[in-house]
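Structure record follows, encoded as structure tokens.
In each ligand, atom 1 is the first atom listed, and ligand 1 is the first ligand listed. Quick note: residue numbers are just sequence positions, from 1.
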Amino acid sequence: MTIPLVDLRKQYAPLKDEILAGISRVLDGMQLFLGENVQALEKEFAEFCGVRYGIGVSDGTNALQLILRAMDIGPGDEVITVSHTFIATAEAILLAGARPVFVDIDPQTLLMDVSQIEAKITPRTKAIMPVHLYGQTVDMDPLLEIASRYGLRVIEDACQAHGAEYHGRKAGSLGDAAAFSFYYSKNLGAYGEGGFVTTNDPELYRRVRMIRDHGSERRYYHDLLGFNARLDEIQAVVLRAKLPHLAEYNRLRREHARMYNELLAGLPVQTPVECPQNQHIYHMYVVKVPRRDELQAYLKEKGIGTGIHYPVPIHLQNSMAALGYQSGDFPVTERVAGEILSLPMFAELEDPQIEDIVNALGEFFRR
Ligand SMILES: *Cc1c(COP(=O)(O)O)cnc(C)c1O
């Protein structure tokens with residue numbers, strides 16, 4: 001048996017002809033950046049998210065950084081976020097010149113514990129960056145209430161949440177702006193690098209667009225300090241071919257999650273907690289288990305791929321040492337890092353595969 005954590009080949013097969021034809025048209029025309037496919041994707045994905053404006057960019061990390069720069073958040077400023085996320089969340093804040101300030105997570109959802117935000121607000125705080133980790137949105141209503149009371153901007157890290165919903169509203173439409181990643185294994189993935197910014201704010205839209213292309217609106221006239229964070233046409237072709245299927249991919253992921261939840265009941269496995277106001281899109285299906293490392297090795301031997309997202313909290317990473325955090329600062333984040341395990345999850349996963357995976361977990365715990 002071989003079941004990878006993510007299998008992207010099955011998704012490609014039915015789209016192959018359309019994607020190759022689209023790429024061929026791009027190469028025939030040799031308009032390789034910010035052309036008709038990027039422009040169309042900007043409309044289509046903004047519409048999918050329920051926002052007015054969308055900007056195709058080079059990747060998710062730069063999407064976050066572009067938003068921060070467009071908001072003039074930089075040296076001397078603080079941004080409140082979590083340590084239990086992919087490193088890029090904190091990197092983007094530091095690359096913009098600002099300082100990430102962490103709060104702990106909720107032990108059930110593994111998402112930002114919104115009740116801890118207020119205590120971390122200082123005169124330097126400029127924004128809150130909730131991370132919709134694994135495909136489930138942070139509890140945004142109380143977060144937005146705090147942000148509005150203190151005059152803070154809200155930047156969603158929606159890099160794992162393409163299509164996730166909160167009270168029927170899509171991730172990417174819940175704050176002042178949001179960053180998406182089209183890294184190949186995300187729920188909507190390119191065949192190279194890609195990212196996206198969503199917002200309803202026309203001025204922010206204008207500034208992000210400029211900064212992504214060297215701060216210019218008119219070629220060789222540079223009104224803002226920018227850099228290169230453009231999306232290319234070939235990636236836009238791939239993304240446009242997949243976007244019409246994204247809702248169905250997410251629906252299938254949710255079905256797989258329901259099946260996992262049912263079959264895993266009775267084992268010493270804590271299945272993911274989905275809040276009633278949320279539509280989780282299971283970018284990752286993450287369980288908490290005892291003897292995690294032993295179990296992961298056992299599953300590997302059986303041919304089952306798993307992952308740990310993420311094994312080392314950001315505040316304990318070597319690259320973040322200058323922030324001055326210590327072990328013990330975020331007890332829930334630190335504890336769950338040793339318990340979490342991501343099981344295989346992708347739209348094309350098959351029921352018998354889920355049964356095999358759960359059987360292997362059962363064997364391990366019965367040994
Ligand atoms: C993937 C990801 C990013 C970064 O996206 P890239 O496209 O890889 O730069 C940022 N934040 C989170 C939570 C992610 O999962």
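Residues satisfying the salt bridge (charged side-chain N to carboxylate O under 4.0 Å, His left out) criterion with Glu355, sequence neighbours excluded, are absent altogether. In terms of the salt bridge (charged side-chain N to carboxylate O under 4.0 Å, His left out) criterion, residue partners of Asp7 (sequence neighbours excluded) are, by chain and number, Arg9.
If you look at His162 and Phe180, their ring centroids are closer than 6.0 Å.
Among residues at least two apart or in separate chains, ring-ring contact (aromatic ring centres under 6.0 Å, His included) pairs with a member in residues 330-367 are Tyr298-Phe364, His315-Phe330, Tyr325-Phe330.
Under the 3.5 Å distance criterion, the side-chain polar atoms of Arg292 are matched with a main-chain donor or acceptor of Ala337.
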Ligand 1: protein N/O within less than 3.5 Å of ligand N/O:
unit_1, atom_1, unit_2, atom_2, d
ligand 1, 5 (O), Ser181, OG, 3.2
ligand 1, 7 (O), Gly60, N, 2.8
ligand 1, 7 (O), Ser181, OG, 2.6
ligand 1, 9 (O), Asp59, OD1, 3.4
ligand 1, 9 (O), Gly60, N, 3.3
ligand 1, 9 (O), Thr61, N, 2.9
ligand 1, 9 (O), Thr61, OG1, 2.5
ligand 1, 11 (N), Asp157, OD1, 3.3
ligand 1, 11 (N), Asp157, OD2, 2.9
ligand 1, 15 (O), Gln160, NE2, 2.7
ligand 1, 15 (O), Lys186, NZ, 2.9

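With 3.5 Å as the limit, one finds a donor-acceptor pair spanning the side chains of Asn187 and Asn250.
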